[in-house]
2 protein chains.
Amino acid sequence: MTPIRDMLSETGITEQQWRVLRVLSEFGLLDASTLANRASLLFPSLTRIATTMRKKGLITQTRDVADRRRQFIAITEAGQKLIDDYTDQSALIVAEFKRTMGEDDYETLLDLLARLDPMVRD
Amino acid sequence: MTPIRDMLSETGITEQQWRVLRVLSEFGLLDASTLANRASLLFPSLTRIATTMRKKGLITQTRDVADRRRQFIAITEAGQKLIDDYTDQSALIVAEFKRTMGEDDYETLLDLLARLDPMVRD
DNA sequence: TAACAACAATTAACATGTTAAGGAATATCA
DNA sequence: TGATATTCCTTAACATGTTAATTGTTGTTA
């Protein structure tokens, strides 16, 4: 993740915050639980990350009026701009990564890691 | 790492502390820099980890009399006992892991990850 | 030898992972 | 309906990763 982290250090956000932005950018408005799952974050982490991201103006948080335990989170224009500005760069990094590793080995690695994932969870 | 973490939670030490103990058990007395490298820890992390491990009586820290900037770290009897008590169990976990994944895929994964490691570092 | 560079380690500040405990809102059921 | 359980989220406490600044020590060199 180092090349990605290097890119992100220019932006002042972290890997996890980047992931949150990407998920929000892709899926739009999400409730906190869904967001946490899709961004692979535990709830306590999301609570903190959301707070700092709101202060930075990257996301908005709104209560669900129907169920006031729930919370909705959405990306702001500033957040979307950040995604837009760095998506190309991020794609280049991944491409370079695949090129260096070799396309086949890259796929193999993803497969093996995917197999690992469910194994580790039970 | 979840099965390993589960095992370690019984012992009250963390993954990183376990790694420090294993390295010390294998190599004996080490200076802090070498230990940090072999245990894949950054120095600030090692500083903190060593402090807590010393308080727990798992390691000892001694200054190098020739160069008082340097520090030597060694495992204590208590630390070695912890290693001895859980080495078997840890080996079983790795064996089960290989069995589930398949020996060949396990080797493939290790190879791919090893290739990843240097790539990510530059 | 006195100034300065280089080195080893620590400390500080911030962000996250992780487990447990707590708080507020809603659901359930006798 | 009122007590209880459940759900969603937050807080707290601790451990680590990471970068930068700092403290001692040792090396170098003019």
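Chain letters run A, B, ... following the sequence lines, proteins first and then strands; every chain starts at 1.
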Can you tell me which nucleotide in D:dT25, D:dT10, C:dA15 comes closest to the side chain of A:Q17?
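Minimum distance to the A:Q17 side chain belongs to C:dA15.
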Per B:D67 side chain, nearest of listed nucleotides C:dA15, D:dT26, C:dT26
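Within the option list, the nearest is D:dT26.
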Tell me: [atom1] of [X] to [atom2] of [N], nearest whole Å?
{"X": "B:L35", "N": "C:dA8", "atom1": "CG", "atom2": "P", "result": "15 Å"}
{"X": "B:L8", "N": "D:dC14", "atom1": "CG", "atom2": "P", "result": "20 Å"}
{"X": "B:Q16", "N": "C:dT16", "atom1": "CD", "atom2": "P", "result": "18 Å"}
{"X": "A:R5", "N": "C:dT16", "atom1": "CZ", "atom2": "P", "result": "13 Å"}
{"X": "A:E15", "N": "D:dG17", "atom1": "CD", "atom2": "C1'", "result": "11 Å"}
{"X": "A:Q71", "N": "D:dC9", "atom1": "CD", "atom2": "P", "result": "6 Å"}
{"X": "B:W18", "N": "D:dT16", "atom1": "CH2", "atom2": "P", "result": "15 Å"}
{"X": "A:N37", "N": "D:dC9", "atom1": "CG", "atom2": "P", "result": "11 Å"}

At under 4.0 Å, does any side-chain N or O of B:Q61 touch on OP1 or OP2 of C:dA9?
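For C:dA9, neither OP1 nor OP2 has a side-chain N or O of B:Q61 closer than 4.0 Å.
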Phosphate contact (D:dC8 OP1 or OP2) by A:R70 side-chain N/O below 4.0 Å
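So the side chain of A:R70 is within the cut-off, an N or O lying under 4.0 Å from OP1 or OP2 of D:dC8.
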Would you call A:D67 and A:R70 a salt bridge, using N to O less than 4.0 angstrom?
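Yes, A:D67 and A:R70 are salt-bridged.
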Check whether any side-chain heavy atom of [X] sits under 4.5 Å from a side-chain heavy atom of [Y], and report yes or no.
{"X": "A:I13", "Y": "A:L58", "result": "yes"}
{"X": "A:Q16", "Y": "A:L41", "result": "yes"}
{"X": "A:R38", "Y": "A:L30", "result": "yes"}
{"X": "A:I73", "Y": "A:Q71", "result": "yes"}

Residue whose nearest DNA chain C nucleotide is more 5′ - A:R19 or A:A66:
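It is A:R19, whose closest nucleotide lies nearer the 5' terminus.
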Are more than 12 heavy atoms, taken from residues, nucleotides or ligands other than A:E10, located less than 6.0 Å from that residue's CD atom?
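Yes, enclosed.
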Could you check whether A:S33 gets within reach of a base, just the sugar-phosphate, or nothing at all, counting any heavy atom under 4.0 Å?
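Counting heavy atoms under 4.0 Å across all strands, the contact made by A:S33 is with sugar-phosphate only.
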Heavy atom of residues 42-60 of chain B under 4.0 Å from DNA chain D: which residues?
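Of all residues in residues 42-60 of chain B, the ones placing a heavy atom under 4.0 Å from DNA chain D are B:L42, B:P44, B:S45, B:R48, B:I49.
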Exercise: identify the closest heavy-atom pair between B:K56 and B:G12:
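Smallest interatomic distance, heavy atoms only, reads NZ-O, 3.2 Å.
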Donor-acceptor pair present, A:R69 side chain and D:dC9 base, under 3.5 Å
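No, no donor-acceptor pair under 3.5 Å.
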Could you tell me whether the side chain of B:R68 has a donor or acceptor atom within less than 3.5 Å of a complementary atom in the base of D:dT25?
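It does not, because no donor-acceptor pair links the side chain of B:R68 to the base of D:dT25 below 3.5 Å.
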